[in-house]
Structure formats: structure tokens, C-alpha cells
2 protein chains.
Amino acid sequence: MTASSRSSAAVEDYLERILELMTTKGYARVVDIAASLQISQASVTNMLQRLDAEGFINYEKYRGLMLTESGEAVARAIAQRHELLTDFLTLLGVPSEVREHDIEGIEHHMSPSTLLAIESLTMELKKHPMLLKKIQGAQKKRRSRGPLRSEE
Amino acid sequence: MTASSRSSAAVEDYLERILELMTTKGYARVVDIAASLQISQASVTNMLQRLDAEGFINYEKYRGLMLTESGEAVARAIAQRHELLTDFLTLLGVPSEVREHDIEGIEHHMSPSTLLAIESLTMELKKHPMLLKKIQGAQKKRRSRGPLRSEE
DNA sequence: AAAAATAATTAGCCTAACCTAATTTTTTGT
DNA sequence: ACAAAAAATTAGGTTAGGCTAATTATTTTT
């Protein structure tokens, strides 16, 4: 009955996409979620049942779903993290393809403390465009010499 | 023969710990690895067999193990990432308990591009102690007002 | 050198998240 | 209205990475 204690990375991913679909299209069907996450519809159905059981959505077979309060709260928190990280990495000049991939990997593992730190940092960096230029420049230099490993 | 294409987060964790044990104690026994990763010895034995099969270590039952070239390369890459991230988050004033936890979660998901950007940023930040003070200050303020809330 | 303690291995399970194939329900086009 | 298409569900696998309990090797102590 209660939304359970801690949500896994997978749960967070689903909720994030569901919220996004709800806000952009007004609804989130199994087929849309599957396409968005690039997984099978069967897997989505399965997860929706679990999300319902855990109190993150209200789900009725074949009929559709709605985020609960708690589900929406989780989804919004993740979306906010995602946005913050996008903002931050964009500022640093990380190329968009790589950026999105990295964010999807790391967004489930950042504590409020770390997020707060990055938020502060991001805000501060925005006030110092010269500094940002320097940072982006330093990257180009190194990249051409060969950094840590092969590029992605 | 060849170390396989892509290493999972778990593989990377094991290799990182093995390298650390090797350098600090001179050897890495099953019991030590298990204690360090807080998992059972049985699981470690299992993974060691896999690491051997995939060419990351040379492993002889009951006798011990050595990192191969490829295993050591992976381990060093991860260790370097870990160090960089520690440096970065420390600079931002993220408390050490949280910091370590977050790093363990995210270090397996960062592309060379992102790492390079953070490296440049970290170097630049070190030259601007006043800026850092400001960032750390901003965090304290917010933290006392509320956990993770959006700003402008 | 034998017994006791410690370390390592094996065997057999478990769970989370995925998958495909088959089936059922809903929607759509004529 | 009803057949065809699309969407959703169920049933039954698979894989990674953990676990415990039982067994076997090795090391230490007496």
C-alpha cells in the first residue's frame, strides 16, 4: 500500500519517461514507453504492474495509467537531476551524444549533497564565461594529444 | 587470450580493488577482496574464475592471482577516474561519506569526454580559491533551508 | 605430525530486468 | 458491424551477480 522505501535505477528510468510522455503527449501507453526506453512491450507491462504494486502509479490493465503523488514526486526529482546534469555538462562543453549517455548512467547515483554542490558550481560558472572558455579550450588541447583512452 | 570488449561495472569494481590490494599489501586473496567489497567469498571465487576466463587475471585455484596487462590497464583507468572524481568532489566540499558512495556509483558510467571536461574544470577551480569558497558557501546556505529544491 | 582454524571452492538457489512467442483485448478502416 | 491491425498481456526463458551451506585445501598451533 505504501510506496516502498527505495527505488531502483530501472524504476526511476521508467517513472522519468512516463512523466515526460504525460507532459508532452498527455498520456503514456505501453507502446510509447517501450519505444522511448528501447525495450520490449512485454517488459514494460511487467514493470507497470510492479510500479502499481509499489504505489508509484495507478494502473488498470489495457486501460492506462496515472502517476500517483509519490510516483510523480520521484519522477520530478529525477527529471530535475537530469536537467541539472545536462546544464552542467553542456556548460563544460561535453558533446551532446556522449553527454546524454553519461547522464543516464550517473543520474541514479548522486546524493542530494553532490547535486547541491554541482548546482552551486553550475550557477557560479555561469557568471564566469571567461573561465568556461578556458576550460573548454584546455579540453580541446588535450583531446588532440590523446587523453585517457579512446574516444566514445 | 584477448580481454573481452567491454567490462561491466562489477568487473571494474573487482579489478580496482584487486589493484589496490596488490599495491598496498602485495597480494590479493579471496578473503581480502570479499572483505573489501563486502560480499561473500563464494561470490569472489566465482568472479575470479570469470576474470581469468576473460583474460583480466591469471588465476590458479587455491594459489592466488596476478593481474594481466589488460587487467591492470582496466584497473588503472578506473583508479584514475576514481581519483579524479574524489579530487573534484572534495574541492566542491561534498562530505566524505557521501562522496565515496556517489563515486562508486558513477565512476563506471563516465565517458572519456566527460572525464576530460571534469579534469579541466578541476584544474581551473584549483586556481580560484575565492570561487570555491563561494560555491561551498552557497551550499551551506541552501542545505539549511531545504534539501533538494530548484532555484532559478 | 596431527588437530584446529582459516581460506577457498563447489553446488544449488534467488532476484532483477530483460527477452521472444503466443494469446487476448482494443482500436481502426471499410 | 466486423475483419484486420495494433496494442497489451501472459507464459516461459536467459543472464548477471549476488547468497548460504557443505566440502575441500591450506595454514597454523600445539
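Here is how names work: the chains are called A, B, and so on, in the same order as the sequence lines, proteins then strands, and each is numbered from 1. Everything quoted here is computed from the prediction, not taken from an experiment. Side chains are part of it too, since the values below use all heavy atoms of this structure and drop only hydrogens, waters and symmetry mates.
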Problem set entry | Nearest-nucleotide pick for A:Y14, side chain only, options being C:dA21, C:dC18, C:dT9 | C:dC18
Exercise. Which sits closer to the 5' end of DNA chain C, A:M47 or A:K61, going by the nucleotide each is nearest to?
Worked result: A:M47
Exercise. Between B:D87 and B:K126, is the closest basic N to carboxylate O distance under 4.0 Å?
Worked result: yes
Problem set entry | Rounded interatomic separation in angstrom, taking CD from A:Q41 and C1' from D:dA5 | 13 Å
Exercise. Between D:dT20 and B:S40, is there an OP1 or OP2 to side-chain N/O distance shorter than 4.0 Å?
Worked result: no
Exercise. Rounded to the nearest Å, what distance is computed from the CG atom of residue A:L51 to the P atom of nucleotide C:dC18?
Worked result: 11 Å
Exercise. How many Å lie between CD on A:Q38 and P on C:dC19, as a whole number?
Worked result: 10 Å
Exercise. Which one, D:dA8, C:dA21, C:dA8, comes nearest to the side chain of A:Y59?
Worked result: D:dA8
Exercise. If we only count heavy atoms from C-beta on, is the A:L65 to A:I33 side-chain gap below 4.5 Å?
Worked result: yes
Exercise. Once you round it to whole Å, what is the distance between P of D:dA7 and NZ of A:K25?
Worked result: 10 Å
Exercise. Could you give the CD1-to-P distance, from B:I39 to D:dA16, as a whole number of Å?
Worked result: 16 Å
Problem set entry | Lys/Arg N to Asp/Glu carboxylate O, A:R76 vs A:E12, below 4.0 Å | no
Exercise. Are A:H82 and A:E100 close enough, and set up right, to give a side-chain hydrogen bond (donor to acceptor under 3.5 Å, both in side chains), and what steps lead you there?
Worked result: CA-CA 9 Å; A:H82 196 109; A:E100 194 54 29; 2.8 Å; yes
Exercise. What nucleotide among D:dA8, C:dA17, C:dT10 has an atom nearest to a side-chain atom of B:A42?
Worked result: C:dT10
For this session: Using atom OH of A:Y62 as one end and atom C1' of C:dT25 as the other, report the distance to the nearest whole Å.
Result: 5 Å
Exercise. Are A:T90 and A:R99 close enough, and set up right, to give a side-chain hydrogen bond (donor to acceptor under 3.5 Å, both in side chains), and what steps lead you there?
Worked result: CA-CA 8 Å; A:T90 302; A:R99 186 176 65 215; 3.1 Å; yes
For this session: Ignoring backbone atoms, test whether B:T45 places a side-chain nitrogen or oxygen under 4.0 Å from the OP1 or OP2 oxygen of C:dT9.
Result: yes
For this session: Using whole Å, report how far CG of A:N46 lies from C1' of D:dA11.
Result: 11 Å
Problem set entry | Spacing of A:L48 atom CG relative to D:dT9 atom C1', expressed in whole Å | 11 Å
Problem set entry | Nearest-neighbour nucleotide for the B:R29 side chain, C:dA11, C:dA8, D:dT9 considered | C:dA8
